[in-house]
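Predicted model, so just to flag it, every value in this text is computed and none were measured. Every chain is numbered from 1 and lettered A, B, ... according to where its sequence line falls, protein lines coming before strand lines. Atom set for the values below is all heavy atoms of this structure, side chains included, hydrogens, waters and symmetry mates excluded.
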Amino acid sequence: MPEIPDVETYKRYFNKTSLHQRIRRVHVESPSILFETSPQGLGHALKHKSFQSTDSHGKYLFAAIEDDKWLVMHFGMTGEIKYFQHQKDMPKYTRFLITFENGCHLAYVAPRKLGRVGLVDTPQSLITGQHLGPDALEITGEQFHEQAMKRRGNVKSWLMAQSSIAGIGNVYSDEILFHARIHPKRSVSDLDEATVQRLYKAMQSVLKAAIDAGADPDEMPSSFLLPHRNKGAHCPVCGTRIATVKASGRTAWYCPKCQT
DNA sequence: AGGACGCCCTGTTCGC
DNA sequence: TGCGAACAGGGCGTCC
């Protein structure tokens, strides 16, 4: 689901398709997805402007509107963006549509309407307002260790807590814990320094590899757990049947032999 | 503080 | 085979 690797991939896609083009029209198909703005507000902010640059923090993607605020997009669990030319190629479940002067369109697509689109003064104002922790790719080893010292509860919940570390969700927390060989329900306070260090390194390498793969599970290294997150699958390392356990109301997939 | 739970959403999968 | 229940999970609010 849209976590850091997906958002990074969307950012690159946005940069490739949608920067420095004048916006002709804005259409909000589903106003319920709007965050602190209205269809009129969004239209007013975007019409006849262009996007200058992009930024991201955790699961949020930002696009700078020339001489103005930032468009912010969050993708919930099923959101994506799609650039297309012909009306017939408009994706199903398009909730928000930008039409550029060149006749091409950028669609914000969200089948389950769990994502949000809005306007913010700066990325930082959103980060502050939503109480987001440091981005998982920017958090330093020191910050990571400091959090581990203070944090109570299980390790998977920690990795997924956006106020602690921004950008990791259910899928990649499983992947990171798999590579670090840590059981998802292990208590954070139970991890020694070397294990915290291993977890930090696994977080960085997993996220980077996933970004290199364009967040496409089919393109990821064969050592990844991601393609095996289903019933009856086996561990890509030792062949043991993959197990599940609930953590923070989400299903964690893990290898009962590799992860302790 | 953190976890369990319900809710929002809707397409897909599961189980009887 | 068919239908409703359960599930998928990001984030939020509530309760404990």
Side-chain angles (χ1 to χ4, degrees), chain A residues 1-11 28-37 56-62 72-82 91-96 107-118 120 123 125-136 146-178 183-191 203 207 210 215 217 225-233 242-254:
Chain A
M1 306 307 113
E3 304 176 31
I4 276 190
D6 312 88
V7 173
E8 179 63 30
T9 302
Y10 296 166
K11 183 162 83 177
V28 177
E29 184 66 35
S30 306
S32 67
I33 60 147
L34 296 183
F35 169 78
E36 288 180 358
T37 187
S56 66
H57 188 97
K59 299 175 185 176
Y60 291 85
L61 176 61
F62 305 92
V72 56
M73 285 170 275
H74 183 274
F75 300 96
M77 59 179 283
T78 54
E80 59 176 330
I81 50 175
K82 202 89 196 176
K92 213 175 169 185
Y93 313 115
T94 293
R95 308 302 185 186
F96 169 56
Y108 170 86
V109 187
R112 278 173 231 185
K113 294 187 187 172
L114 292 177
R116 291 290 177 265
V117 170
V120 289
S125 57
L126 186 281
I127 292 165
T128 306
Q130 299 299 112
H131 309 291
L132 299 181
D135 184 279
E146 267 171 44
Q147 283 201 25
M149 305 264 284
K150 285 185 286 188
R151 182 82 186 187
R152 295 183 290 157
N154 69 70
V155 63
K156 181 178 169 71
S157 298
W158 173 41
L159 293 179
M160 290 197 300
Q162 302 303 299
S163 56
S164 298
I165 303 164
I168 299 171
N170 197 28
V171 171
Y172 286 99
S173 61
D174 281 354
E175 193 67 52
I176 291 163
L177 290 168
F178 175 70
H183 190 286
K185 297 285 271 187
R186 270 280 283 286
S187 164
V188 178
S189 60
D190 185 45
L191 305 177
M203 177 176 77
L207 294 178
L225 177 69
L226 225 168
H228 308 284
R229 296 175 100 259
N230 53 65
K231 259 195 187 133
I242 295 298
T244 63
V245 64
K246 289 279 179 189
S248 288
R250 306 283 184 248
T251 302
W253 298 80
Y254 71 103

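Distance CZ/Phe75(A) to CG/Asp6(A): 9.5 Å, rounded to 0.5 Å. We find the CD-NE2 distance between Gln130(A) and His74(A) to be 8.5 Å, quoted to the nearest 0.5 Å. Between the OH atom of Tyr108(A) and the CD1 atom of Ile81(A) there is a distance of 10.5 Å, given to the nearest 0.5 Å. To the nearest 0.5 Å, atoms CD (Glu3(A)) and OH (Tyr172(A)) are separated by 6.5 Å. Note that CD1 of Ile242(A) is 5.0 Å distant from CG of Leu225(A), once rounded to the nearest 0.5 Å.
Between the His57(A) side chain and the Gly133(A) main chain, a donor and an acceptor come within less than 3.5 Å of each other. Under a 3.5 Å cut-off, the side chain of Glu80(A) and the backbone N or O of Ala110(A) do not form any donor-acceptor pair. Using a distance-only test at 3.5 Å, with no hydrogens or angles considered, no donor-acceptor pair links the side chain of Asn154(A) to the main chain of Arg186(A). Formation of a donor-acceptor pair under 3.5 Å by the Thr94(A) side chain with backbone atoms of Pro91(A) is found in this model.
For Lys185(A), whose side chain is taken as the heavy atoms from C-beta onward, the closest listed nucleotide among dA4(B), dG3(B), dA8(C) is dA4(B). Minimum atom distance to the side chain of Arg112(A) is reached by dT10(B), of the listed dT10(B), dA1(B), dG3(B). Set against dG11(B), dG10(C), dG3(B), the side chain of Tyr93(A) has dG11(B) as its closest nucleotide. Taking only side-chain atoms of Arg95(A), from C-beta outward, the nucleotide of dG11(C), dT10(B), dG3(B) with the closest atom is dT10(B).
Asn170(A) has its CG atom 5 Å from the P atom of dG10(C), to the nearest Å. Here the P atom of nucleotide dG11(C) and the CD atom of Glu3(A) are 9 Å apart, to the nearest Å. When the P atom of dG11(C) is taken as reference, atom CD1 of Ile127(A) falls 14 Å away, rounded to whole Å. In this structure, Asp174(A) places its CG atom 12 Å from P of dA8(C), rounding to the nearest Å. Between Asp6(A) atom CG and dG10(C) atom C1' there is a gap of 12 Å when expressed in whole angstrom units. Following rounding to the nearest Å, Leu132(A) (CG) and dG11(C) (P) show an atom-to-atom distance of 8 Å. The separation between Phe35(A) atom CZ and dG10(C) atom P is 18 Å, rounded to whole Å. One interatomic measurement links the two molecules: CZ of Phe75(A) to P of dG10(C), which rounds to 14 Å at whole-angstrom precision.
Ranked by how close their nearest DNA chain B nucleotide is to the 5' end, Asn154(A) and Ser32(A) are led by Asn154(A). Nearer the 5' end of DNA chain B, as judged by each residue's closest nucleotide, is the contact made by Gly153(A), out of Pro111(A) and Gly153(A).
Here Thr251(A) lies in heavy-atom contact (under 4.0 Å) with sugar-phosphate atoms only. Residue contacts shown for Thr78(A) are absent, as no nucleic acid heavy atom lies under 4.0 Å away. Looking at heavy-atom distances under 4.0 Å, Arg151(A) makes contact with sugar-phosphate atoms alone, never a base.
Distances shown here put every side-chain N or O of Lys246(A) at or beyond 4.0 Å from the OP1 or OP2 atom of dC5(B). For dC7(B), the OP1/OP2 oxygens have no side-chain nitrogen or oxygen of Lys113(A) closer than 4.0 Å. Between His74(A) and the phosphate of dG10(C), there is no side-chain N or O to OP1/OP2 separation shorter than 4.0 Å. One finds no side-chain N or O of Ser157(A) lying less than 4.0 angstrom from the OP1 or OP2 phosphate oxygen of dG2(B).
In this structure, the side chains of Phe62(A) and Val120(A) come closer than 4.5 Å at one or more pairs of heavy atoms. Here the side chains of Asp190(A) and Val155(A) are not in contact, with every heavy-atom distance at 4.5 Å or above. Considering only heavy atoms from C-beta on, Met160(A) comes within 4.5 Å of Asn170(A) through its side chain.
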Dump the pairs, protein N or O against N or O of nucleotides 12-16 of chain C, anything under 3.5 Å, distances to one decimal.
| unit_1 | atom_1 | unit_2 | atom_2 | d |
| --- | --- | --- | --- | --- |
| dC12(C) | OP1 | Gln130(A) | NE2 | 2.8 |

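Residues from residues 158-166 of chain A placing a heavy atom under 4.0 Å of any atom in DNA chain C, listed by number, are Gln162(A).
In the helix from dG2(B)-dC16(C) to dC16(B)-dG2(C), the rotation axis of the first five pairs and that of the last five pairs differ in direction by 60°, rounded to 10 degrees.
One finds a salt bridge joining Asp174(A) and Lys156(A) here, because a Lys/Arg side-chain nitrogen approaches an Asp/Glu carboxylate oxygen to under 4.0 Å.
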